[in-house]
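Order of listing sets the numbers, starting from 1, for every ligand and every atom in it.
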Amino acid sequence: MNDYSKISPETLSAEQAEVELRRLAETIRRLNHAYYQSDEPEVTDAEYDALRQRNQAIEALFPQLMRSDSPSTLVGAAVESAFGKQRHMVPMLSLDNVFTAGEFEDFLERAARFLGLDEKEKNALELIAEPKIDGLSINLTYENGKFVKGATRGDGLEGEDVTANLLTISDIPRELGADAPELIEIRGEVYLSKKSFFEINEKQLAAGQKLFANPRNAAAGSLRQLDPKVTARRPLSMFAYAMGASSNRPCKTHEEWLDLLQSWKFAVNPLRERLSGVQAAEAFEEKIGHIRSGLDYDIDGVVYKINDLTLQERLGFAGRAPRWATAWKFPAEQAETRLEAIEIQVGRTGALTPVAHLEPVNVGGVLVSRASLHNEDEIIRKDVRVGDRVVVQRAGDVIPQIIGKSSTQPENAQRGSAFIFPDHCPACGSAAERPPGEAIRRCTGGLTCPAQVVERLIHFVSRQAFDIDGLGDKSIREFYEAGLISSPGGIFRLAEHESAIARREGWGELSARNLMQAIQARSTISLSRFIFALGIRRVGESNARLLARHYGTLDILREQMKKAAIIGSDERLELGSINGIGSAIADELVAFFIEPHNIATLDDLTQYVTVQAEAEDAITGLLTGKTVVFTGTLTTMTRPEAKAQAERLGAKVTDSVSKKTDYVVAGADAGSKAKKAASLGIPLLDEAGWRELADGKA
Ligand code: IVH
C-alpha cells in the first residue's frame, strides 16, 4: 500500500486521504489496544496525540470520507430521547472490518495464534458465514420463554426501549419453545425490504413528506416512531443471528444456535454456510456479491464467525469487537451519470463546499442526485465540468462522492467552461478566504451570514445534539426565514409563537403543540451533548465527551475556558493535557469562549436549559481493582488469552511482581517472579487455581 503518512493533510488528494484515514484508524485502534488492553503503550502520548490530530485534520478536510470506525467516534452515540433507556445485560459490540483476502487471512491468523493453533488446525477451523444485513441491530429479552422487552443498540451499553414498536414485527415471536433458557437476550438486525422501502417512499412523496435516503434510514425512522401505530404500517422484518446474556448455554456451536433460533420461529438468514479457510471464505464472499443486487434486502458484506462457542468464549473481545468474528465488507459501489451543475454550499463553520448536481442515477439500489466534489483543488485536479459524464461512488452511509470523469465521454458532448470557485460567500456576500496551506475556503461573515446561522441551528437540534423530534432542517429554515428564530435560545422561545406556527401551512394545532412538547422535553441535557450542540469547530461528539468528562459541569467548563485563553496559564496547560485534545482543538475552544457573542448566546440559552453533570461509567468485574501477573509457560491457554480473560474480569495485568500485585499465576518453569511472590506473601496460583478464581469459585 502507498505511504502518504508524510504528506500534510491539506495537500492530500481525496484518494490519498481515504488511504490515510484507513491507516490511521487501524494504527490508532492498535495503539488503543496496546495502551488500554495490554497496558503496554507502543508510542509516547505525544506521538499518539499527533496521530489522532492528523486523523481529525483529514476528516475536517474530507468530512465525506469519515469512516464508520473513525477513531474520533470510537464510542457510539449516548442515548437520550423520548424512549426509555434499557441497559443491555451483555454489551452490544461491533465488528472489525476486512476488505481483502489478505486482511481476512490476518484475522484468521490472529485468532489461531491467540488459541495456540497450528497451521493445519487453523485451516480446519470451522466458520459460519452469513450475509451482513444493513439494518439496525436490536436486543430482545426473553424471560421464562416470553418476550419482555427490546432495545436498539444505542452506545452498545444501553439503548432505547422500543418494545412497543418491536411488537409490530411479525418476525419476532412472543414466546420461545420449552427448551429456552430462563433468561436470554436474542440479537439480530431489523430491516426494511427494498420493496417496502420503495412503497414507503412513494407514500411519503404523495404526502409531500421527506423521502428516506435508503432502506436502513427508513427502518431506523420507522423503529423510532413514538406512535407504534405508525410503525405497524411500516412492514419491518428481522433476521436473528446472535446471543447476548443467557442463563445457560443452550447449544455448543453457532450453527446449532441458528437452528435453535429457527425452531423458535425466528427468521434466520437462509444463505448461511459452514466453511473453513481463506479460499472458501473468498468464494462465499464472491458468490454473495454476485447475488447481492437480486436480494430483497440490503447487505453490505459477509460476517464470518468461528463456529465453536467455547472457542468464541476463549477468544473474547479486543476493544469494541470480538476476536472470533469479522465482517468482510463489499467494495464501494459506483455508477456513471451526467454532471448537471455545481453548487456551492455554506456550512456551519463557513466552509464553502462544492456539491455536484447529477442526473439521478441508481448506485447500488439508492437513487443519487447530489454528490460531494470535496474542495476547489479537487475540481481542478479532476477537471470535471458541467456536461461531463462522471463516476459517482457511494459507500455505506457516507455522502456520495464524485471520483472523477468517466473514461468514456459521449461524442460531441457540450462541455462547460472550467469551474471558477467563488471568492465571496454565495449566501451573504462576505469575502471567502482560504488560509495558506488549507484546502477549504471559508466565509468570513460569521453570524452575519444567514447560511452559517441556519446550519448552526440545524446542527444544534440534530440527532447527536439536542435531538428535537419534529424540528428538522426544513422547519429550521422555515422558522428562520419567517423571523421566528435566529439563535439557539430562540428555539426555546418558539412556544411564544405556538399559535402563529399552528396557522402556518402544513402545521396545524396538533403539530404545533407536539413540537412545543418535544422542545420542552429537551430542556434537560447532558453536558457532552450540550458541548457538541454548540458546533465549535473541531469539537465533535468524541471531543465533547472528553471535555464533559474532564470538566464535569458547564460552569466549571466556562470558567476554565475563560482562564485558558491566556497562553501558558495552568488552565491552558490542563486543557492541552486532556488525552485526545490537541492544540488546534484547544485554540478553537478558547476562541469560542472568549467571543462575546457566544457568551451572550450561552447566557441566553441557559435560561431555558438545564445542563446535567457528566456521569462516569464504571467497569466492574470479579477482579476489579486487582493486579495479576502471569509467569512461566502456560499450558491450557496462551498468554494473550490469559491476559484478556483477566482484563475481562476487571483486573490489571502487569509484568513485574511488586507489593501492589494481588495474584501471581505461574505456569511451568516459573522462575524469579514466583519466588518474589512467595517472599512478598502474594498468593501464587497454578492454572487450575486461576480458572477457579476466574470462575468465581475460589
Ligand atoms: S454478529 C459482537 N451477524 O453488523 C457482534 N452482526 O458491524 C456480533 N450485522 O452491530 C454481531 N448482520 O448490527 C452479526 N449476520 C450478522 C450481522 C451483523 C449485520 C451488524 C450488527 C453489528 C454490525 C457490526
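With 3.5 Å as the limit, one finds a donor-acceptor pair spanning the side chains of Glu185 and Asn139. Arg234 and Thr168 are not linked by any side-chain donor-acceptor pair at a separation below 3.5 angstrom, with hydrogens and angles left out of the test. For the residue pair Glu282 / Trp328, no side-chain donor-acceptor distance below 3.5 Å is found, with atom types taken as modelled. Under 3.5 Å, the side chains of Asp308 and Trp324 contain no donor-acceptor pair of N or O atoms. Of the N and O atoms on the side chains of Asn269 and Tyr297, at least one donor lies less than 3.5 Å from an acceptor on the other residue. A donor atom on one side chain and an acceptor atom on the other are found under 3.5 Å apart for His254 and Glu130.
Closer than 4.0 angstrom to ligand 1 by heavy atom are Leu93, Leu95, Glu130, Pro131, Lys132, Ile133, Ser137, Glu189, Tyr241, Val303, Lys305, Pro322, sorted by chain and number.
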